[in-house]
Amino acid sequence: MALNKMKDSKYDGTERMSVDYVQGILQPTPTCDTWDQIWNFQAKADDLLIATYPKAGTTWTQEIVDLIQNEGDIEKSQRAPTHVRIPFIEWVVPSIGSGLEQANEMPSPRTLKTHLPIHLLPPSFLEKNCKIIYVARNPKDNMVSYYHFHRMNKALPDPGTWEEYFEKFLNGKVCWGSWYDHVKGWWKAKDQHNILYLFYEDMKKNPKHEIKKLTEFIGKNLDDKVLDKIVHHTSFDVMKQNPMANYSTIPTEIMNHSISPFMRKGEIGDWKNHFTVAQNEKFDEDYKKNMADTSLTFCFQF
Ligand code: A3P
């Protein structure tokens, strides 16, 4: 695996990000290079963490949480782009910055983001009993979304063809590792820790209901009008037009929205436009095997 180009270079998106391993999990090289600092990150008891497998609805959840914390004040939630308001702790893009540094400089109470599987989560989050929101998405749509995100985002490796990517995803050979291990690991942890486990599909089907759950978990009491306002401002169409929530502030050399926009489709069931019949059969068989040891279930269509 190509170790290193990034180490000493200023990463400007002219080349694809290289990757390496942290305890068997693929990660962008700058994350591997700073792993000790990430692992030793000191969470504080009043930190709120949003944890997801990549492309499970992280940005959507971040926007909802920020609006809940600001009691529906749209102007306040437009103070900065998502990744500045809510640092992504293990993310290092040399030309943009380090999520860890941002988090360390941020005054409390902080809201933070991670894609780490539970066994790689810096231990201080659980030691301090921080509130954690985990969002999971059905793996077929999650895979499709992740594939298109690789295409447009030079800070991730080239995905190859859809057929090649399909195999990589199934084998967990993608950044942040196996989808199965991720969703199952966090699912198992939710009963012992302060974790609210949500699903992208529930958020799509009944956003107000899920936003209410989030409001209660965060410890706010918002009236119905404010909840409706949050539902509206975090709808796919409104967020797609919001430069503080659609990643359009990241330089085009890194994220090229003309290849595939960050706010791409936001639907349940787009996998049907990508999976061949043979891929679907293969996937279902693999899914059955891998999900045999968990009570966790997913919804694959609206
Ligand atoms: P698609 O690629 O399927 O459209 P993440 O924030 O974890 O990277 O996830 C991105 C995925 O969430 C993308 O999925 C994106 O379109 C979708 N998404 C973002 N905001 C959304 C919203 N308000 N409603 C529904 N889906 C949303």
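One-based numbering, in listed order, for ligands and for the atoms of each. When a residue number appears, it is its place in the shown sequence, counting from 1. Values below: every heavy atom of this structure, side chains too, minus hydrogens, waters and symmetry copies.
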Pairs satisfying ring pair (Phe, Tyr, Trp, His ring centres under 6.0 Å), at least one member in residues 204-223, at least two apart
none
Mark the output for D270 as yes if a heavy-atom distance to ligand 1 is under 4.0 Å, and as no if none is.
no
Yes or no: does R137 have any heavy atom under 4.0 Å from an atom of ligand 1?
yes
What atoms of ligand 1 come closer than 4.0 angstrom to any heavy atom of S145?
1 (P), 2 (O), 3 (O), 11 (C), 13 (C), 14 (O)
Using a heavy-atom cut-off of under 4.0 Å, does the side chain or the backbone of D141 touch ligand 1, or both, or neither?
neither
Numbered in order shown, the ligand 1 atoms found under 4.0 Å of a heavy atom of M263 are 16 (O), 19 (C), 20 (N), 21 (C)
Is the Lys NZ or Arg CZ of K190 less than 6.0 Å from the centre of W187's six-membered ring, within 45° of the axis?
yes
Counting heavy atoms only, which part of K55 comes closer than 4.0 Å to ligand 1: side chain, backbone, both or neither?
both
Less than 4.0 Å is my threshold; does some heavy atom of H148 fall inside it relative to ligand 1?
no
Between H115 and ligand 1, find which residue part has any heavy-atom pair under 4.0 Å and reply side chain, backbone, both or neither.
neither
Could a heavy atom of F149 be found less than 4.0 Å from some atom of ligand 1?
no
In F169, W162, Y165, the residue satisfying ring pair (Phe, Tyr, Trp, His ring centres under 6.0 Å) with H150 is Y165
